[in-house]
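Following: one structure in structure tokens, then a few remarks.
Naming convention: chains lettered A, B, ... in sequence-line order (proteins, then strands); numbering from 1 in each chain. For the numbers below, each heavy atom of this structure counts, side chains included, while hydrogens, waters and symmetry mates do not.
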Number of protein chains: 2
Amino acid sequence: MSIQRFLPCLQWLPHYHRDTFASDLVAAVVVTVMLIPQSLAYALLAGVPAEYGLYASILPLVLYGIFGTSGALSVAPAAVASLMTAAALQQLFVAGSPEYLAGAIVLSVLSGLLLVLMGVFRLGFLANFLSHPVISGFVSASGVIIATSQVGHLIGVEAAGHNLLGMGQQLLGHLHQVHWPTLAIGVASLLALVAARRGLVPALVALGLGPRSAGLAAKAAPVMVVALATLATWAGDLAGDGVAVVGQVPSGLPTLVMPSLEPGLWQQLFLAALLIGVVGFVESISIGQTMAAKRRQRIDPDQELVALGAANLGAGFSGAMPVAASFSRSAVNFEAGAATPAAGVFTAIGIVLAALFLTPLLTELPKAALAATIIVSVSSLVDLPALVRTWRYSRADFLAMLATILLTLGHSVEAGILAGVSLSIALFLYRTSRPHTAVLGRVPGTEHFRNVRRFEVETSERLALLRIDESLYFANARFLEETVLELAGERPELHDVVMVCPAINQIDASALESLEAINDRLADANVRLHLSEVKGPVMDRLRQTDFLQRLSGEVFLSTYQAWRKLAAA
Amino acid sequence: MSIQRFLPCLQWLPHYHRDTFASDLVAAVVVTVMLIPQSLAYALLAGVPAEYGLYASILPLVLYGIFGTSGALSVAPAAVASLMTAAALQQLFVAGSPEYLAGAIVLSVLSGLLLVLMGVFRLGFLANFLSHPVISGFVSASGVIIATSQVGHLIGVEAAGHNLLGMGQQLLGHLHQVHWPTLAIGVASLLALVAARRGLVPALVALGLGPRSAGLAAKAAPVMVVALATLATWAGDLAGDGVAVVGQVPSGLPTLVMPSLEPGLWQQLFLAALLIGVVGFVESISIGQTMAAKRRQRIDPDQELVALGAANLGAGFSGAMPVAASFSRSAVNFEAGAATPAAGVFTAIGIVLAALFLTPLLTELPKAALAATIIVSVSSLVDLPALVRTWRYSRADFLAMLATILLTLGHSVEAGILAGVSLSIALFLYRTSRPHTAVLGRVPGTEHFRNVRRFEVETSERLALLRIDESLYFANARFLEETVLELAGERPELHDVVMVCPAINQIDASALESLEAINDRLADANVRLHLSEVKGPVMDRLRQTDFLQRLSGEVFLSTYQAWRKLAAA
């Protein structure tokens, strides 16, 4: 059991049979065809040579297959992780320089290491602090930045930078240098991809394919577009005219690489590696859980940390760049029938074949075509309606989302995430520091008590029932004192205050001192303090102190008992 | 009303009469006698010339009298604020250098400015994030550091430094250089002060004074001890033997000083000024509220921010050092009968007289005697039993307290506070991210439902009542999904899950998405999701979404209604 937990492949491998093999194989073929142009394009996005994309699609897939718990997740180069890699390294090094490439390797190894450690120490819950609105805002903003970063490749001008302002300025500055042959290839690829996305499935269905097969076959569109663009470039010798191409790519498999162990570099890249790891993990988990639920399976978050960490360690030691699960690729893998993580291992074999035999074909591949595949692929990341939905439901969540988007676009991906997380936490603390309170009355003829402002209820002059809708802790301890004493100050005929506590889940040491102060001050004014509906765990803690002895009133199991005893007295 | 709120003196000044004047005057005399040696000693502690202590006891007292709401608070040089001043400035400048003195002025002005701004923008609630255990631990540790910092003066050796390790090393290293005449004066002063604290009141009562008058008269002990020590030093010409004395102090009043406006200096001192201000505010508030409650008065926290800020601005423009309310002095002020902030203004007049006429007497005042008064005075700050109490009640609070103490002692006062606050927040978030949950059953024959593990209750095979004891937000959204789906997975005969929600005070956007996911996944498994006892504000928010339409089950006003409908079905 224990070793199976740590090596989930031991759960499915013994029961592996011919049918599973067949469906895994089909999925692997479809995903391989999709992954070849994607891995090259994301390497371009990350600012490393194209072959790094292929190298990052072999060992990581195999390692995820061994350690992962989701059959559908496709862990290899991904859009957001590649953007974050570029953003982190561009601040420190010249793109493409040996230091830059060494940095990409350290980023992979370090984020892998951090993920494995988080998994071993069961720190997966830390990822929960990336709230849905922050993640959603961050992914949308990343989509915009990624698309913008590819516009330069598409029109043949230089436009480095890691935020929207920097890139926008450069693009506008270089606009007069547009390289028309590059632009022609780029726009043609873009149009072809958009057309394929819209019209290919209906066309294939019209040709007699079933809808599912048509959907899967349509996933080959990027590889076809890239192949046609390469053919056109080669036929017209456009590289000679100045169209940027991938160029000579070494054929063969990655060799094992020892990452730089320079402490200064590790320190500089620590935060970026942590964020790449955590963001990748959060995305993997949400993709994995969505798909697992459809098949009534469960995935184990702590084991997923280990698996994603192992995949990144594999990418680093292959001399490549950080990897993560891609939503689009995982969805295709799932739809194509991937039943076990073996599908990923078969995909890795497909990429090995590509690295061995296809690399000569890449020489004349125009970068503009790869840029077009990226732009079309990330367009699905941008979810603007989420902003509206969040605004309607919660202003606080909207604020965190907006801050994440604006800082990601305007400053950097790291600043965006950190601002979103900090603001989410700050707003949560702010809300809990000024909790909702309600004075209660009795719903006539029942044992139920409701807010006097919302319901027609009975009240008593000599009794105040005050419900506090929050755990009591340091941030609201003083607010509590002020609320209770104000209530007592406003009602001179008051004899008893009952704090109705079903919503109080904790009372920390600061709040306990405040309760003692409230009890003493009410006693000075001849008002007794009572508690009702105190939760079991909270009561257990209070019993360890002398507060219950010092309490001027009683502790009632139900508010109704308090009402019966105190309202009429 | 509005101007009275901003200038609280307009509330009491129109009703000021002879009786109030008399009791304020008595309090002022007692406090002046206490403040003279204190202000000199705290200047020594802060590392500035002795007269700065007097200068910081004039304008600040007057300004607090105009803007403050508490009649008892004595805002002038205080132990913890002086320690924090020394700690901040020793890191940057040589003690006593012109830069150091300019830094003290900037610290006062900056902390005053920040406090006034916090008051104007009603940010007083920010101080709540300094929890009681953190404050208590910080004050205890500060007491230890202050006492240790005075040991050098007491035995006549050099021992600078701002944490226990640094000072301890220096003291041990210089132990062979003990200056015996200094040690004799120091130890004699210390013993005299301890004896006075223990025996003076009973002795005065035996001589026929009333207990209250005896208590107040005993407050003159430090001034007597200091006077005797000065006399002895002068008579024996001990300054010539190498006993450190205060030396020439310029006679007269402080002149208005323009603080340095160098941006670099302001930036370097920003954090220290903020912490001095906030810690001073938290102490002022707790002292002020304790005393106000005894007289059935209220104090206004936001106005107290403005008043303490004005006092610090006054200290800065007097060319002196940061000020705060001192607990011991405020208690004496209160006991001596101070009725209005005018008592502070009269005290300021007393200090003006001292600055004009007493300074020649300070020339031969031995620093060892001042150090003795500090040591005796801060001994009451150290509250070790609080550690034990906190450990018994809450491990999390204890951890925050211990971290504060250890870092304050071992590193610096700033590190101590920041670690304590961060750890308190982190532990609160951690606890709320793994909330307590309970499966409920019906208390037989009633409409009440209790935890099946704690009570003998009725349950139903087809119905699960799950109470979540926490607001639902991003940090526990995933935990919630796992808990509910695990429950459903364990009980195959389950038809209905009721989430019992009286403890749920908020549902943020992340948690709403999780609820939608739970609803969908339970529906896939033919289990309906219901809610009961949803709070009004939470329900209002849910109504703005389509969640209630998508919910597979119902929303019940009470859990009993859910039980009646679903348990028997």
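Only the side chain of Y473(B) comes within less than 4.5 Å of a heavy atom in chain A; its backbone stays farther off. Both the backbone and the side chain of S424(B) have a heavy atom closer than 4.5 Å to some heavy atom of chain A. Using a 4.5 Å cut-off between heavy atoms, E482(B) touches chain A through backbone and side chain atoms alike. In this structure, chain A has heavy atoms under 4.5 Å from both the backbone and the side chain of Y393(B). Only the side chain of I285(B) comes within less than 4.5 Å of a heavy atom in chain A; its backbone stays farther off. D546(B) does not touch chain A: none of its heavy atoms, backbone or side chain, sits under 4.5 Å away. For chain A, the nearby parts of N128(B) are the backbone and the side chain; heavy atoms of each come within less than 4.5 Å. Interface remark: I425(B) contributes backbone and side-chain atoms alike to the contact with chain A (heavy atom separation under 4.5 Å). At a 4.5 Å heavy-atom cutoff, N451(B) makes no contact with chain A through either its backbone or its side chain. Proximity to chain A involves both the backbone and the side chain of R541(B), based on heavy atoms less than 4.5 angstrom apart. Contacts of S433(B) with chain A are made by side-chain atoms alone, with heavy-atom separations under 4.5 Å and no backbone atom involved. Contacts of P301(B) with chain A are made by side-chain atoms alone, with heavy-atom separations under 4.5 Å and no backbone atom involved.
Taking the charged nitrogens against the carboxylate oxygens, R521(B) and D524(B) have no contact shorter than 4.0 Å, which rules out a salt bridge. The existence of a salt bridge linking D383(A) and R389(A) is confirmed by a sub-4.0 Å separation between a basic side-chain nitrogen and an acidic carboxylate oxygen.
Contact count versus chain B (heavy atoms, under 4.5 Å) is highest, among R478(A), R450(A), Q544(A), for R478(A). Comparing R431(A), R467(A), E447(A) by heavy-atom pairs within less than 4.5 Å of chain B, the highest count is held by R431(A). Of all the listed residues (L512(B), T545(B), V134(B), T390(B)), the one sharing the greatest number of non-hydrogen pairs under 4.5 Å with chain A is L512(B). If you tally non-hydrogen atom pairs under 4.5 Å between each of H132(B), E513(B), R434(B) and chain A, the highest count goes to H132(B). Between chain B and the residues P502(A), P537(A), S394(A), the most heavy-atom pairs under 4.5 angstrom are made by P537(A). By number of non-hydrogen pairs under 4.5 angstrom with chain B, the leading residue of E533(A), H448(A), R392(A) is H448(A). Here R454(B) is the residue among H436(B), R454(B), E481(B) with the most heavy-atom pairs under 4.5 Å with chain A. Listed options L126(A), L485(A), D397(A), I135(A) were ranked by heavy-atom pairs under 4.5 angstrom with chain B; first place goes to D397(A).
The two atoms that bring P133(B) and M401(B) nearest to each other are O-CG, 3.3 Å, heavy atoms only. Of all heavy-atom pairs spanning R550(B) and N519(B), the tightest one is O-ND2, 2.8 Å. In terms of heavy atoms, L423(B) sits closest to A403(B) at CD2-CB, 3.7 Å.
The closest donor-acceptor contact from the side chain of N476(B) to the backbone of S471(B) lies under 3.5 Å.
Distance check, rounded to the nearest 0.5 Å: CZ of R543(B) to CD of Q549(B) gives 10.5 Å. Going from atom CG of L522(A) over to atom CG of L494(A) covers 8.0 Å, rounded to the nearest 0.5 Å. Residue T69(A) holds its OG1 atom at 6.5 Å from CD of Q303(A), rounded to the nearest 0.5 Å. Atom CG of residue L480(B) and atom OG1 of residue T437(B) lie 9.5 Å apart, to the nearest 0.5 angstrom. We find the OG-CG distance between S136(A) and L130(A) to be 12.5 Å, quoted to the nearest 0.5 Å. Atom CD1 of I504(B) is separated from atom CE of M539(B) by 12.5 Å, given to the nearest 0.5 angstrom.
Heavy-atom neighbours of R395(A) CZ from other residues, nucleotides or ligands within 6.0 Å: above the threshold of 12.
In summary, of the residues considered (F474(A), Y430(A), F479(A)), a ring-ring contact (aromatic ring centres under 6.0 Å, His included) with F125(B) occurs for Y430(A) alone.
Between the side chains of E470(A) and T432(A), no donor-acceptor pair of N or O atoms lies under 3.5 Å.
Within the 4.5 Å cutoff, no side-chain heavy atoms of L465(B) are placed close to those of R442(B).
Residues of residues 556-563 of chain A lying under 4.5 angstrom from chain B, judged on non-hydrogen atoms, are L557(A), S558(A) by number.
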